[in-house]
2 protein chains.
Amino acid sequence: MRVSREKFAENREKILGVAGVLFREKGFESTGVAEIMKAAGLTHGGFYGHFQSKEDLALEVSRALIERVKIRWNEIITSAPNAPLDALLNHYLSRCSVDDPGGSCVFASLVQEVSRSQGAVRSTFNDGLSALVDILSEIVPGDSAQERRAKGFTTLSAMMGAVILARAVESRELSDNFLFTTRDALSPAKS
Amino acid sequence: MRVSREKFAENREKILGVAGVLFREKGFESTGVAEIMKAAGLTHGGFYGHFQSKEDLALEVSRALIERVKIRWNEIITSAPNAPLDALLNHYLSRCSVDDPGGSCVFASLVQEVSRSQGAVRSTFNDGLSALVDILSEIVPGDSAQERRAKGFTTLSAMMGAVILARAVESRELSDNFLFTTRDALSPAKS
DNA sequence: ATTATCTATAGATCTATAGATAATGC
DNA sequence: ATTATCTATAGATCTATAGATAATGC
């Protein structure tokens, strides 16, 4: 059944959208093409009219989601010129981040899986992480540029680690501790 | 081919050993039972004489590897009574940790995958993480017990995040930055 | 413990068709 | 407006591989 050019583009976006959610929720490997297409309201076979392979989709989704993280971070920073780091920490180290992996940071969901891979997806993640360090380096406190850059690395490590561990743990109390203790420790008010 | 009781136990240990390495290197899901048995020098079918299922193996491996992390940490702490935290940081935040996932901390390899699961493996990871926070709380600086406990959470987040990101990134320079900048920042000498 | 086999499921390919688009004709 | 062409889709099918089981052998 043929579909209009417009509908075709719409279907493609739908596939990218649901894949983005499912990949972040369940990982690349545990998410099947058939499952993605079903969630998009389409049939399995139709997938290959839009993408060459699952890997191809994974790459496009990765690029889009990483771009989104960078944009979101910049929005938050710009909208809170007095306390940009606090604003970012409040956003990133939140229960919302932890409880909705399908709608949150790609890295917090997929870094480990991607680390074990090679190729375009891994490179995209690499560049994305580097960009996040750069963003953090500009809003983090510190007397010199080197100090601030160093703090960019440590801050990203702590943020990512906290969300990952807050998700790993089963009790709400432990989870909150990873999340909010780290958030408070990273806040410029503290240091 | 029947095998002695002793050899049977030996084979079982071999399976647990290679599975521990392969799981940490490639993740639970991407490691097949046939692959594990081949690495152990046995045939696929023989697996089910030792374990009920792959999930059963994953649980036993997880328990053993988590126990090993706790033991290792305690050894390091005991062997450096003057600077236990520095000793632990030097061990954990090292290139060796980053470059040999198959021989390093289970959590740094598998937390994300386990976070997406439910059941016994997840609970085991939960308890293990909680135990690591407890260990850290006793060697971390701080004026009160609460402060030290808080520092236990933040320290574990930063350690785990740094190793995970140091593995994710492709360039050695970025990787070293995550690793050593975080190590230095967490050192009691600094704070 | 080995070997062969079973069943389920994954990614990917193929064929026919619906129906949108482009070319043609009035 | 009609006709021809093009193409995205559905749905069946293919191939490979996974975990698991059964039969066999020592």
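All values derive from a computational prediction rather than experimental measurement. Just so you know, these numbers use all the heavy atoms, side chains as well, and skip hydrogens, waters and symmetry mates. To find a chain, count down the sequence lines: A is the first, B the second, and so on, and within it residues start at 1.
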Do the side-chain N or O atoms of N11(A) get closer than 4.0 angstrom to the phosphate oxygens (OP1, OP2) of dA8(D)? no
With a cut-off of less than 4.0 Å, is there a side-chain N or O of Y48(A) near OP1 or OP2 of dA12(C)? yes
Integer-rounded Å distance: [N] [atom2] and [X] [atom1]:
{"X": "K7(B)", "N": "dA1(C)", "atom1": "NZ", "atom2": "P", "result": "9 Å"}
{"X": "F8(A)", "N": "dA8(D)", "atom1": "CZ", "atom2": "C1'", "result": "7 Å"}
{"X": "L42(A)", "N": "dA12(C)", "atom1": "CG", "atom2": "P", "result": "17 Å"}
{"X": "E10(A)", "N": "dA20(C)", "atom1": "CD", "atom2": "P", "result": "14 Å"}
{"X": "F47(A)", "N": "dA12(C)", "atom1": "CZ", "atom2": "P", "result": "7 Å"}
{"X": "M37(A)", "N": "dG11(D)", "atom1": "CE", "atom2": "C1'", "result": "12 Å"}
{"X": "I36(B)", "N": "dA1(C)", "atom1": "CD1", "atom2": "C1'", "result": "17 Å"}
{"X": "K38(B)", "N": "dT2(C)", "atom1": "NZ", "atom2": "P", "result": "14 Å"}

Take the C1' atoms of the five end pairs on each side of the helix from dA1(C)-dT24(D) to dT24(C)-dA1(D), get both axes, and report the angle to 10 degrees. 0°
What nucleotide, of [options], holds the atom closest to the side chain of [X]?
{"X": "V33(A)", "options": "dG11(C), dA8(D), dA1(C)", "answer": "dG11(C)"}
{"X": "T43(B)", "options": "dT3(C), dG11(C), dT9(D)", "answer": "dT3(C)"}
{"X": "R5(A)", "options": "dT9(D), dT3(C), dA22(C)", "answer": "dA22(C)"}
{"X": "H50(A)", "options": "dG11(C), dA8(D), dA1(C)", "answer": "dA8(D)"}

Using the rule ring-ring contact (aromatic ring centres under 6.0 Å, His included), only one of W73(B), F125(B), Y92(B) pairs with F107(B); which is it? F125(B)
Hey, are K38(A) and E35(A) close enough for a salt bridge, meaning a charged N less than 4.0 Å from a carboxylate O? no
Counting only heavy atoms not in E75(B) (residues, nucleotides, ligands), do more than 12 fall under 6.0 Å from its CD? yes
Does CZ in R63(B) sit with more than 12 non-hydrogen atoms of other residues, nucleotides or ligands closer than 6.0 Å? no
Considering all heavy atoms, the nearest H91(B)-S97(B) contact: O-OG, 3.8 Å
Can you name the closest pair of heavy atoms from R149(B) and S137(B) and give their distance? CA-OG, 3.5 Å
Touch check for [X], heavy atoms < 4.0 angstrom, all strands: base, sugar-phosphate only, or nothing?
{"X": "T31(B)", "value": "sugar-phosphate"}
{"X": "G49(A)", "value": "nothing"}
{"X": "H44(B)", "value": "base"}
{"X": "S4(A)", "value": "sugar-phosphate"}

Taking it one step at a time, do F23(A) and I36(A) satisfy side chain to side chain contact (heavy atoms under 4.5 Å, CB included)? CA-CA 9 Å; F23(A) 283 154; I36(A) 292 165; 3.9 Å; yes
Comparing G46(A) and E35(A) on DNA chain C - which has the more 5′ nearest nucleotide: E35(A)
Specify whether F8(B) and H50(B) have parallel, tilted or perpendicular ring planes, treating 30° as the upper limit for parallel and 60° as the lower limit for perpendicular. parallel
